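So that the names make sense, note that chain A is the first sequence line, chain B the second, and so on, each numbered from 1. Bear in mind the structure is a predicted one, so any value in this text is a computation, not a measurement.
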Number of protein chains: 2
Amino acid sequence: MATRPRKTPSKPQAFPHPHHDHSRCTANALRTAETVCEKHGARLTEIRRRVLEAVWASHAPIGAYDILAELNTDGGKIAPMAVYRALDFLMEHGLVHRLASLNAFIGCALASERHTAHFLICRSCKSATEMDGTAVTRAVKKTLSEHGFVPENEIIEIQGLCAHCHKESA
Amino acid sequence: MATRPRKTPSKPQAFPHPHHDHSRCTANALRTAETVCEKHGARLTEIRRRVLEAVWASHAPIGAYDILAELNTDGGKIAPMAVYRALDFLMEHGLVHRLASLNAFIGCALASERHTAHFLICRSCKSATEMDGTAVTRAVKKTLSEHGFVPENEIIEIQGLCAHCHKESA
DNA sequence: ATGATTAATGTTATAACGTAACATAAATAA
DNA sequence: TTATTTATGTTACGTTATAACATTAATCAT
Ligand SMILES: [Zn+2]
Ligand SMILES: [Zn+2]
Ligand SMILES: [Zn+2]
Ligand SMILES: [Zn+2]
């Protein structure tokens with residue numbers, strides 16, 4: 001029996017393996033950011049790039065003030081406003097998402113295609129990743145049609161244990 | 001043809017009509033709170049009751065500091081801690097939910113039966129209500145099984161326009 | 001190029017949300 | 001009553017986010 005084909009090949013949403021080569025993730029993200037900004041006629045300035053790099057330091061969502069600390073490790077004097085402004089910019093262009101349940105930010109691996117993000121958040125390794133939200137969105141739409149509610153934005157953040165951490169805890 | 005039966009008769013989740021008799025909602029909620037606390041062997045003290053009343057002042061989620069202001073309208077000196085402690089208590093007993101996307105709290109109309117809450121939030125009238133989350137939960141489970149992710153808590157908050165506000169804006 | 005205009009960043013202060021730690025008081029149990 | 005637990009009071013602080021205005025850098029028009 002052949003392996004079952006993936007349902008959504010355009011979204012390779014595997015939870016990041018604890019020992020993967022993360023430098024490639026970061027490199028990819030920065031390259032994508034360049035492309036996206038170019039396409040949007042937006043400027044990826046130094047501070048914006050540095051914030052994006054801080055966000056991509058891992059797959060764990062990071063708080064604005066932790067980003068700030070990272071930017072100021074060299075003794076710099078960057079203020080919170082600068083970070084929040086950069087984050088706003090990055091979110092506008094779909095390069096970063098905000099996780100409401102954590103007051104934290106995470107890089108978007110699918111920045112080229114616009115989408116509403118649905119997250120899985122592992123309470124053990126703290127990693128978060130976007131899930132394929134099509135089925136959920138469909139279920140939401142169906143449920144809402146009975147209410148007459150017109151959705152504009154879906155905030156979906158599932159907390160739990162990723163496969164790697166679940167295995168370990170077994 | 002007879003009217004189609006409701007799928008989830010135990011959860012009458014209509015979005016609150018702008019001109020409904022809200023005093024009944026409040027009265028119901030307080031009565032339920034009494035019952036629940038009795039059943040749990042917990043004490044619905046005065047401050048807890050007052051916080052619950054503040055939460056039920058409307059169907060719009062309310063911030064902790066707005067609750068605090070409400071409690072201190074008489075010139076009282078209640079401190080933030082007291083409010084947060086009362087909210088923690090009320091959440092433990094399923095009488096109140098927290099909306100992560102708003103940093104705000106809302107009374108639970110279904111406090112008697114334990115459940116994970118999925119919310120619809122109207123950006124116009126600011127009301128929020130729990131939706132029937134069974135279909136969404138099913139979709140989430142199905143999607144997650146492909147990831148091997150083990151869910152423990154679902155944060156689902158759909159922002160948009162309720163039927164009443166949508167009609168008006170038409 | 002020069003000046004006008006817009007975009008981005010710097011700077012200071014403060015708002016908004018939430019918790020730690022320890023003291024006191026009230027309720028319950030022994 | 002005395003001990004124990006539960007709840008509240010109090011002070012202080014930590015964390016997250018934004019308002020308002022000044023300055024600098026990039027872009028555009030002449
Ligand atoms: Zn990676
Ligand atoms: Zn994990
Ligand atoms: Zn009501
Ligand atoms: Zn509405």
Do [X] and [Y] make a side-chain contact, defined as non-hydrogen atoms from C-beta onward lying under 4.5 Å apart?
| X | Y | result |
| --- | --- | --- |
| B:Leu120 | B:Cys162 | no |
| B:Glu130 | B:His115 | yes |
| B:Arg98 | B:Leu87 | no |

Task: Aromatic contact, A:Phe15 with A:His59 (centres under 6.0 Å) - done: no
Task: CA sep, side-chain torsions, deciding dist, call: B:Lys39, B:Glu34, salt bridge (charged side-chain N to carboxylate O under 4.0 Å, His left out) - done: CA-CA 9 Å; B:Lys39 193 162 69 179; B:Glu34 304 267 17; over 6 Å; no
Open item on the list: Need the bend value for the helix from C:dA1-D:dT30 to C:dA30-D:dT1: angle between end axes, 5 pairs each end, nearest 10°.
Closed with: 20°
TODO: Could you tell me whether a side-chain N or O of A:Glu157 sits under 3.5 Å from a main-chain N or O of A:Ala100, the two making a donor and an acceptor?
DONE: yes
Open item on the list: Looking at A:Arg43, is its backbone amide N or carbonyl O close enough to the side chain of A:Arg48 to form a donor-acceptor pair, meaning the two atoms are under 3.5 Å apart?
Closed with: yes
Open item on the list: Expressed as a whole number of angstroms, how long is the span from A:Arg50:CZ to C:dA8:C1'?
Closed with: 16 Å
Open item on the list: Measure CG/B:Leu44 against C1'/C:dA27 and give the value in whole Å, please.
Closed with: 15 Å
TODO: Scan nucleotides 7-20 of chain D nucleotide by nucleotide, 5' to 3', and note B when protein non-hydrogen atoms come under 4.0 Å of the base, S if they reach only the sugar-phosphate, - if neither.
DONE: SBBBB----BBBB-
Open item on the list: According to a hydrophobic-cluster definition based on side-chain heavy atoms being under 4.5 Å apart (Ile, Leu, Val, Met, Phe, Trp, Tyr only), do B:Phe149 and A:Ile156 belong together?
Closed with: yes
